Amino acid sequence: MLGDNHFTNTTASSVFLNRTLLALSAVTTAILFAWLLNYSSYGLDLSDEGLHLNSIANPFAYAINIPPSLFGFIYHWPYQWVGGDIAVLRMVGVTLTMALGWILSFLVIRSLWIASRPHATVLSAGIGSLTLVNFRSWLLTPSYYTLTFQSLLMVMIGLLLAERSGHIGRVLGWILVGVGGWCCFMAKPTTAAAIAIVVMLYVVVWRRKSLLLMFGSALVALSLLILTAYLIDGGITGLVMRMVNSAEMEILLGAGHEVSRMFRINGLATSHLQFAIAVLMAIALLLNILMRGAHKLLVSLTLAAALILTIAIALLGTDPISIKPSTLFLVSAFTCLGAVFYREGLVLRTQTPGSIALALTFLVLPHLFALGSNIDYWLLASMAALFWVLAVVAFLSPLAQQRRSIATLLPLTVLAQLLTASVVNGGLLKPFRQVKDLRTYTAVTTMPGGGKLVLSQSFHDYLSTARAQARAAGLEVGTPVVDLSGRSPGLLYVLETRALGLPWLIGTFPRGTGNWLGLPSLIQGYPGTNAVAVKALAFEDCIDLAKAWVLIEPEGPRHLEQVGVMASFGAEQADYVAATTFETPVNDGEFPNSYKQFLLKPVRPAALGEQSCREARRQRPHSQTWRQW
């Protein structure tokens with residue numbers, strides 16, 4: 001009788017501790033999500049986010065896209081729905097990404113583990129918070145990377161839904177796979193091709209009964225692609241022309257996107273400190289999982305402390321861990337490696353075909369996410385670190401048969417939340433190409449569409465001055481502008497003008513600088529920037545070029561060659577007058593110095609400018625070959 005009472009008390013205590021920790025984990029997830037939403041209105045990068053905003057605001061204005069992505073057409077409708085409010089658009093993107101990660105994590109847990117719906121909901125929400133790592137550089141405006149990640153999440157959700165019982169569920173799952181594949185093509189064709197191969201292998205090897213539905217899914221993706229082609233370019237031929245020309249332009253740019261450079265293996269760059277942190281975290285996680293029955297109170301206190309630390313990082317910005325991107329993979333890898341030695345390889349020996357297929361698929365997805373980029377694959381793949389953690393969830397699933405679902409998944413959930421807080425906090429403290437620590441920003445700046453962003457004071461002053469002086473000089477909304485600064489497409493967006501040629505006429509990257517992640521690129525220098533600018537402007541109508549204003553930054557680190565580019569459309573500096581001048585703001589990233597920018601206003605008659613443009617093009621017939629291809 002005494003033994004029964006002791007067992008009852010132990011069980012009641014275990015249930016109480018689990019419920020308490022699950023409640024604290026749910027609160028932590030809510031704080032992490034609200035944290036990112038709260039700061040969604042903070043900061044702006046004029047270069048990459050300028051590209052994203054120009055692409056989204058007016059995607060139909062461009063005949064080519066660099067990079068070869070059609071993400072702007074996907075996000076154009078949400079942009080219109082929110083009235084052009086950048087902060088709200090960012091919130092929508094963050095919410096959608098978080099929701100997709102939550103759903104996918106929930107389906108994985110319910111498929112492979114023994115957990116009640118309420119428990120699975122809380123655990124999956126915590127693991128799904130790792131999707132927020134996708135925004136670690138604080139480029140919150142939706143981009144082609146955002147859409148690629150969301151597409152991969154949709155494809156995996158569809159595959160898991162297709163595994164569930166019920167014909168309707170399977171059909172809906174495969175429809176979602178098709179929609180996700182189409183979105184992936186719109187975002188990043190290289191990743192779309194790779195995920196199509198993975199889905200086919202997954203079905204052929206593990207789920208042969210789904211072959212017919214897989215072909216139906218492919219038909220859905222193809223139908224959407226054909227519809228998209230007619231809406232954007234009037235047909236398949238037009239879309240093919242756009243993508244081929246865009247790819248050739250990117251090769252001309254010299255950014256390292258050739259096919260020969262696509263399939264490569266980068267070394268995992270990490271420091272001794274981060275390696276040690278990853279080992280210690282993996283050991284702590286395994287101890288929390290495997291010793292939970294014997295030291296339940298100690299384990300519970302450890303998890304509670306980790307959750308409190310996570311909340312402190314989010315609310316206070318204090319981060320004694322400072323996790324770097326490479327650590328996200330190392331923690332997952334060391335956890336799986338350590339679990340192999342549990343009970344003479346129990347985890348490895350008792351794997352089911354389904355768990356093996358999912359674990360392998362999740363393991364490679366981050367690198368498929370990075371495929372085709374000129375950035376180090378490991379560093380870019382860490383933006384999709386959720387898949388690595390879900391690979392761990394699938395790999396450890398044999399422990400579910402020992403009724404260890406909560407004991408295994410709760411520590412893993414807590415670790416995911418801690419990693420999320422640390423990585424995202426690093427981005428908040430050091431946003432790319434901006435003044436460090438967004439928490440110190442106080443200058444509320446009105447943006448196109450009536451929305452507001454909170455910026456650093458120097459950046460606010462720069463935008464306000466540029467806007468006021470440009471309007472005073474006669475620059476009207478919708479005026480075409482040629483941006484030869486090489487780095488300020490966002491300024492054209494703020495001035496509500498139309499950037500000609502491309503959403504961003506990218507300038508030369510000086511050797512030794514980083515890319516949009518602040519990380520080493522495969523190729524430095526971008527030697528073809530001027531040639532790309534000439535080619536891109538050849539797609540524009542001479543009528544628009546004749547009346548276009550020109551933004552220059554003669555001493556800037558990325559400026560384009562003014563004389564040669566302007567000559568391509570029959571213009572000279574004598575045809576313009578400097579309407580206004582302003583100083584660029586400095587930041588704590590790659591632009592520590594200020595430079596003068598000049599906004600040039602055309603003074604020659606528009607008819608004469610148009611005639612000169614046509615004459616220049618007749619003398620350069622090769623500049624028109626792409627248009628006629």
Side-chain angles (χ1 to χ4, degrees), residues 68-70 74 100 103-104 107-108 111-112 144 147-229 236 239-240 243 247 259 262-265 351-373 377 381 384 386-388 390-391 393-395 397:
S69 172
L70 306 175
I74 298 293
L100 290 172
I103 294 170
L104 177 59
L107 291 174
V108 172
S111 298
L112 299 177
Y144 47 95
L147 183 58
T148 303
F149 186 43
Q150 292 171 345
S151 301
L152 293 178
L153 291 170
M154 283 190 285
V155 169
M156 293 310 299
I157 290 172
L159 284 177
L160 288 172
L161 283 176
E163 297 295 318
R164 301 173 74 86
S165 61
H167 180 71
I168 295 179
R170 289 197 297 272
V171 171
L172 290 177
W174 281 110
I175 290 175
L176 186 57
V177 171
V179 173
W182 166 70
C183 288
C184 198
F185 176 85
M186 297 291 286
K188 204 158 173 269
T190 51
T191 298
I195 193 60
I197 294 174
V198 168
V199 170
M200 285 190 292
L201 289 175
Y202 183 89
V203 173
V204 171
V205 176
W206 302 107
R207 298 289 183 267
R208 296 182 181 178
K209 295 180 181 180
S210 301
L211 284 173
L212 183 60
L213 289 174
M214 183 190 72
F215 288 128
S217 175
L219 184 60
V220 170
L222 181 61
S223 300
L224 289 172
L225 185 58
I226 293 174
L227 177 61
T228 301
I236 295 294
L239 183 64
V240 172
M243 300 307 292
V259 175
M262 185 182 305
F263 302 101
R264 64 182 192 271
I265 300 176
Q351 291 287 338
T352 64
S355 62
I356 293 174
L358 271 181
L360 291 177
T361 302
F362 284 134
L363 188 64
V364 302
L365 280 180
H367 270 70
L368 300 187
F369 169 80
L371 185 67
S373 172
Y377 277 4
L386 171 67
F387 295 128
W388 285 330
L390 289 178
V393 173
F395 184 75
S397 60

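What you see is a predicted model, and the numbers here were worked out from it, not measured in a lab.
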Using a 3.5 Å distance criterion without hydrogens, assess whether the side chain of T191 forms a donor-acceptor pair with backbone atoms of F185. no
Option from V177, I74, L227 for which side-chain contact (heavy atoms from CB on, under 4.5 Å) with W182 holds: I74
Would you please classify the geometry between the F149 ring and the F369 ring as parallel, tilted or perpendicular, with 30° and 60° separating the classes? perpendicular
Is there a donor-acceptor pair closer than 3.5 Å between any side-chain N or O of S151 and the backbone N or O of G181? no
Main-chain N/O of Q351 paired with S355 side-chain donor or acceptor, under 3.5 Å: no
For the CG atom of L390 and the CG atom of L386, what is their distance to the nearest 0.5 Å? 4.0 Å
Could you report the tightest heavy-atom contact between A221 and G178, atom names first, then the distance? CB-O, 3.4 Å
At what distance, to the nearest 0.5 angstrom, does SG of C184 lie from CE of M154? 8.5 Å
Closer than 3.5 angstrom, by distance alone: can the side chain of S397 be matched with the main-chain N or O of A394 as a donor-acceptor pair? yes
Residue pair L159 / W174: nearest heavy atoms and the distance that separates them: CD2-CH2, 3.6 Å
Test side chain to side chain contact (heavy atoms under 4.5 Å, CB included) applied to L371 and Y377, step by step: CA-CA 7 Å; L371 185 67; Y377 277 4; 3.9 Å; yes
Hey, could you give me the CG/CE distance between L107 and M156, rounded to the nearest 0.5 Å? 10.0 Å
Distance, nearest 0.5 Å, that separates CG of L219 from CD1 of I175: 10.5 Å
Using a 3.5 Å distance criterion without hydrogens, assess whether the side chain of S69 forms a donor-acceptor pair with backbone atoms of A187. yes
Assess the residue pair I356 and L360 against the criterion (side chain to side chain contact (heavy atoms under 4.5 Å, CB included)); give the C-alpha distance rounded to whole Å, side-chain angles, the decisive distance to 0.1 Å, and a yes or no. CA-CA 6 Å; I356 293 174; L360 291 177; 3.9 Å; yes
Out of curiosity, T190 OG1 to F263 CZ, how far, rounded to the nearest 0.5 Å? 8.5 Å
Any V393 side-chain heavy atom under 4.5 Å of L112 side chain: no
Considering all heavy atoms of both residues, which atom of A381 and which atom of A370 are nearest to each other, and what is their separation? N-CB, 4.2 Å
From SG (C183) to CD (Q150), nearest 0.5 Å: 8.5 Å
Side chains of F387 and L153: closer than 4.5 Å at any heavy-atom pair? yes
Determine, step by step, whether T361 and V199 satisfy the side chain to side chain contact (heavy atoms under 4.5 Å, CB included) criterion, reporting the C-alpha distance in whole Å, the side-chain angles of both residues, the deciding distance to 0.1 Å, and the verdict. CA-CA 9 Å; T361 302; V199 170; over 6 Å; no
Considering non-hydrogen atoms only, spot the tightest contact between L239 and L70 and give its length. CD1-CD1, 3.7 Å
So, do L161 and L172 sit near enough that their side-chain heavy atoms are less than 4.5 Å apart? no
side-chain contact (heavy atoms from CB on, under 4.5 Å) with L201: which of I197, V198, V203? I197
Could you tell me which non-hydrogen atom of P366 sits nearest to which non-hydrogen atom of A384, and how far apart they are? CG-O, 3.6 Å
Might you work through the side chain to side chain contact (heavy atoms under 4.5 Å, CB included) test for W388 and L363, ending with a clear yes or no? CA-CA 5 Å; W388 285 330; L363 188 64; 4.3 Å; yes
Between G158 and L176, the two heavy atoms sitting closest are N-CD2, 3.8 Å
